[in-house]
Visitor: 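Here it is: the structure, laid out below.
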2 protein chains.
Amino acid sequence: MSVNGAHNSRYEGPKLSTSNRSPATYKDIQRLTGLSLATISKYYNGRNVLSSNREVIESAATELNYRPNAFASSLRRGVTRTVGVLLPSFQVPFHLEIVVGIEKYLRSQGIGVLLTSNEQDGTPSSVNAVELLLSRRVDGIIGVPALSDSSALDTAVSIGIPVVTVDWCPSGLDADSVTLDNVQAGKVATQHLIDHGHRTLGALVGEEGMWSLQGRLDGFLAAARAAGITIAEDHIQRAPLNVDDGYAAMMRLLAADTRPTAVFAGNYDLTVGAVAALNDSGLRLGRDVSLVGFDSVELAQVTRPKLTVYVQPVEQIATEAARIMNARLDTPDASRSRIVLELPGHLQIGASVRRLSD
Amino acid sequence: MSVNGAHNSRYEGPKLSTSNRSPATYKDIQRLTGLSLATISKYYNGRNVLSSNREVIESAATELNYRPNAFASSLRRGVTRTVGVLLPSFQVPFHLEIVVGIEKYLRSQGIGVLLTSNEQDGTPSSVNAVELLLSRRVDGIIGVPALSDSSALDTAVSIGIPVVTVDWCPSGLDADSVTLDNVQAGKVATQHLIDHGHRTLGALVGEEGMWSLQGRLDGFLAAARAAGITIAEDHIQRAPLNVDDGYAAMMRLLAADTRPTAVFAGNYDLTVGAVAALNDSGLRLGRDVSLVGFDSVELAQVTRPKLTVYVQPVEQIATEAARIMNARLDTPDASRSRIVLELPGHLQIGASVRRLSD
DNA sequence: CTGTTAGCGCGTTCAA
DNA sequence: TTGAACGCGCTAACAG
């Protein structure tokens, strides 16, 4: 059964190692040292112990291969030093960087990361992601983009544990958040197009309600307005955030009555779709149509010409989210106000934006 | 401090909700129902309870917003129903899919995923990833590609908990593994080039010792040999698995005495580098040089022409790894043999391989 | 089917 | 500074 679907499977080696003895405990150390459990506990909690005892404990511990039992400790202390990270049902490349960034920071604080995705698998036996986290008594939850189902986090908030959202914060959710400064991002990307002489601008953004994409669109519109540019209605194409719909939306843009000379794609998937659509329609990127993409750093290197993209400060977003969570755990002062952090990204210049010398 | 580096930060909202009461326990339910702790425990463990009692418990539980305390249970049972997932220090896009796939399967079994990355951060206070997992008493560890430091997993194996590696299995590690059938992958990709009439072939692969890349190279060589093709020595370029070195390696290939008409890139990063190098050198993908890439499904859509790539069965790899782990946990029969699973991927056809009519 | 009891590994009293 | 005793929340014995 577990070999089901195997193309090639072989069994080798004699046996798995069988040192299946249960892990050592304070009692075992006690047996070797004659000290009391309390003393051993104190040693492991950094309190003062006679240096002679210290040495005895240490040698016993290495001999026994002792490792503290974190959840026995949790039971006693009432905290787990574990935070849950909740991923959305769909996957975006930079989510991995965010999760790893969060884990890296938290581990340096001795905090573990329990990962769940928000996938609504049909299995009835399947455990709800947030329930799993709460049942494991995580000290807090970091919700990574982008929750179609914010109600899940609501129950976490109502429990009273700190919640931090990343990339997006559902309105009405009483949680800290760390996001890109989306308006600024939209402005910068658009201004870059304007600076190159473009005045017929198009935008690919998400559907209504997509908070982050709305911000980017607002920035786009603000930059246009400031330059005295009016945007035709059919030059703003909304689409679900995936490659196929981005492709279709770009095709609609290219088929508009007056084709925009420059386009801003507001998201990774939309960018992929946009480039593919441009290529398929026989138009040349950066010559026939200029394009500023979003987030697709590696993609940007393989298009021809290289793509100009607006890049989120992923590492920083992750670190800040983890830092805020850590601070909340250190001082669980529920009376503090919400923290709303908006970080700037930067434009990575390629050659997909042509200077329009009119 | 936590607002450090903020571009824009505001504080809003009155207070965080303050329902900070500690979670309900069996005792609370007991207080409301008059039942014994044992009965309540039986209810929550699916054993038989009078339906009248069942109802009473359920209503008390919802009133109290009761949630089982998983680690108190763990302490008693001796298992945590948590597995650790260990990521390598470097990041590859499909690792996220693997992790999410693993989590999805395991959650359906009520198993949690504790995520750590193998990053060797300099912080002296930082906790070693595997130590963190073992200290939290995970029931098993799944190591995701690709461990430069396999010794970490060694200690896990010696503890006696099941270890499954994915994508790659360090030689000498006594663990199950789920990988791509790398030899087959190399063969298929190369055969595709040969079928299109190419006989001057080049390959971009990892450095010696990279198990998976060696397999792909073996497949490459086997396919060439079977077709009676000899490969020039400087047509096999080894490089560390990152974009820049892939770029440089491809440049070396293109500068070879006789330039290969077709190239096989053995990995995602090498593929990105190869395409970038090709573009920068002014050669046309698919016309001047044919290319089969690896894993870069989305990349393949934005190159011009679209890239032909060999695609790993990521979802399946993840599921199988999780399934094997689950099986090991269900029947901890240490005497079973190692499971070595090699799964086939498939070629996703683009237009980057030209038919060479000679 | 239910209740009583004991103890998982650890941290914290309080005395000594 | 150390040790004895208790309890965190839950489950596994057993007796009823």
Side-chain angles (χ1 to χ4, degrees), chain A residues 20-58 60-61 64-82 110 112 131-132 134-139 159, chain B residues 20-58 60-61 64-82 110 112 134-139 159:
Chain A
N20 236 337
R21 296 189 351 268
S22 52
T25 71
Y26 280 1
K27 268 190 184 164
D28 298 308
I29 297 182
Q30 182 180 40
R31 206 166 296 139
L32 290 194
T33 62
L35 293 170
S36 81
L37 300 176
T39 305
I40 302 168
S41 171
K42 276 159 196 152
Y43 166 78
Y44 277 106
N45 291 299
R47 307 189 54 172
N48 272 351
V49 173
L50 287 184
S51 60
S52 61
N53 288 336
R54 178 181 308 272
E55 290 171 18
V56 181
I57 292 177
E58 279 168 359
L64 291 166
N65 197 17
Y66 174 78
R67 226 176 300 268
N69 184 326
F71 60 82
S73 155
S74 297
L75 180 59
R76 189 56 235 254
R77 287 202 226 249
V79 297
T80 55
R81 292 201 74 72
T82 301
E131 281 306 317
L132 185 144
L134 295 180
S135 170
R136 285 195 167 48
R137 296 292 191 272
V138 293
D139 293 334
I159 296 284
Chain B
N20 237 336
R21 299 192 344 271
S22 53
T25 72
Y26 280 1
K27 269 191 184 163
D28 298 308
I29 296 182
Q30 182 179 41
R31 206 166 294 137
L32 290 194
T33 63
L35 293 170
S36 80
L37 300 177
T39 304
I40 302 169
S41 171
K42 277 160 196 152
Y43 166 78
Y44 277 104
N45 291 301
R47 308 188 55 171
N48 272 351
V49 172
L50 285 185
S51 60
S52 59
N53 288 335
R54 179 183 306 273
E55 290 171 18
V56 181
I57 294 177
E58 280 168 359
L64 291 165
N65 197 17
Y66 174 78
R67 227 175 298 270
N69 184 325
F71 60 81
S73 158
S74 297
L75 180 58
R76 189 55 237 248
R77 287 203 229 249
V79 298
T80 54
R81 292 201 73 72
T82 301
L134 294 180
S135 168
R136 290 214 172 22
R137 295 292 191 272
V138 293
D139 293 334
I159 296 283

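Chain letters run A, B, ... following the sequence lines, proteins first, then strands; residues in each count from 1.
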Visitor: At a heavy-atom distance below 4.0 Å, which nucleotide of DNA chain C is the first touched by chain B, and which is the last?
Guide: C:dC1 to C:dG9
Visitor: At 4.0 Å (heavy atoms only), tell me whether A:Thr25 reaches a base, stays on the sugar-phosphate, or touches nothing.
Guide: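 Sugar-phosphate only.
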Visitor: Rounded to the Å, how far apart are A:Arg136 CZ and D:dG9 P?
Guide: 18 Å
Visitor: Classify A:Leu75 by what it touches in the nucleic acid, base, sugar-phosphate, or nothing, heavy-atom distance under 4.0 Å.
Guide: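 Base contact.
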Visitor: For the residue pair A:Tyr26 and A:Tyr44, categorise the inter-ring angle as parallel (less than 30°), tilted (30 to 60°) or perpendicular (more than 60°).
Guide: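 Ring orientation, 0 to 90° scale: parallel.
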Visitor: So, A:Thr33 side chain and A:Ile57 main chain: donor-acceptor pair closer than 3.5 Å or not?
Guide: no
Visitor: In whole angstroms, how far is the P atom of D:dT1 from the CG atom of A:Asn53?
Guide: 11 Å
Visitor: Keeping A:Arg137 on the side-chain end and B:Pro68 on the backbone end, is there a donor-acceptor pair under 3.5 Å?
Guide: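 The answer is yes, because a donor-acceptor pair under 3.5 Å joins these two groups.
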Visitor: Can you tell me if A:Arg54 has over 12 outside heavy atoms packed within less than 6.0 Å of its CZ?
Guide: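 For A:Arg54, atom CZ is crowded (more than 12 foreign heavy atoms under 6.0 Å).
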Visitor: Return whichever of B:Ala38 or A:Arg67 has its heavy-atom-nearest nucleotide of DNA chain C closer to the 5' end.
Guide: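 It is B:Ala38 whose nearest nucleotide is closer to the 5' end.
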Visitor: Tell me whether A:Ser135 contacts the main-chain N or O of B:Asn69 through its side chain, where contact means a donor paired with an acceptor under 3.5 Å.
Guide: no
Visitor: Passes side-chain contact (heavy atoms from CB on, under 4.5 Å), A:Thr39 versus A:Leu50? Steps please.
Guide: CA-CA 10 Å; A:Thr39 305; A:Leu50 287 184; over 6 Å; no
Visitor: Expressed as a whole number of angstroms, how long is the span from A:Lys42:NZ to D:dT1:P?
Guide: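 One finds 10 Å between P of D:dT1 and NZ of A:Lys42, rounded.
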Visitor: Ignoring hydrogens and angles, state whether a donor on the side chain of A:Arg136 or B:Thr82 is under 3.5 Å from an acceptor on the partner side chain.
Guide: yes
Visitor: How would you label the contact of B:Ser73 with the nucleic acid (heavy atoms, under 4.0 Å): base, sugar-phosphate, or nothing?
Guide: sugar-phosphate
Visitor: Where is the tightest heavy-atom contact between B:Asp28 and B:Pro23, given as atom of each residue plus distance?
Guide: OD2-O, 4.4 Å
Visitor: How long is the span from the CG atom in A:Leu35 to the CD1 atom in A:Ile29, to the nearest 0.5 Å?
Guide: 9.5 Å
Visitor: Within the 4.0 Å heavy-atom criterion, would you say A:Tyr66 contacts the bases, only the backbone, or no part of the nucleic acid?
Guide: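 The answer is sugar-phosphate, as A:Tyr66 gets under 4.0 Å only of primed atoms, P, OP1 or OP2.
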Visitor: In terms of side-chain heavy atoms of B:Ala72, which of D:dT2, D:dC8, D:dC10 is nearest?
Guide: D:dC10
Visitor: Expected output is a numbered-order residue list: members of residues 26-37 of chain B with a heavy atom under 4.0 Å from any atom of DNA chain C. What is it?
Guide: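 Under 4.0 Å from DNA chain C: B:Leu35, B:Ser36.
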Visitor: If I take atom CD1 in residue A:Ile57 and atom C1' in nucleotide D:dT2, what distance separates them, rounded to the nearest angstrom?
Guide: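 It is 11 Å, rounded to the nearest whole Å.
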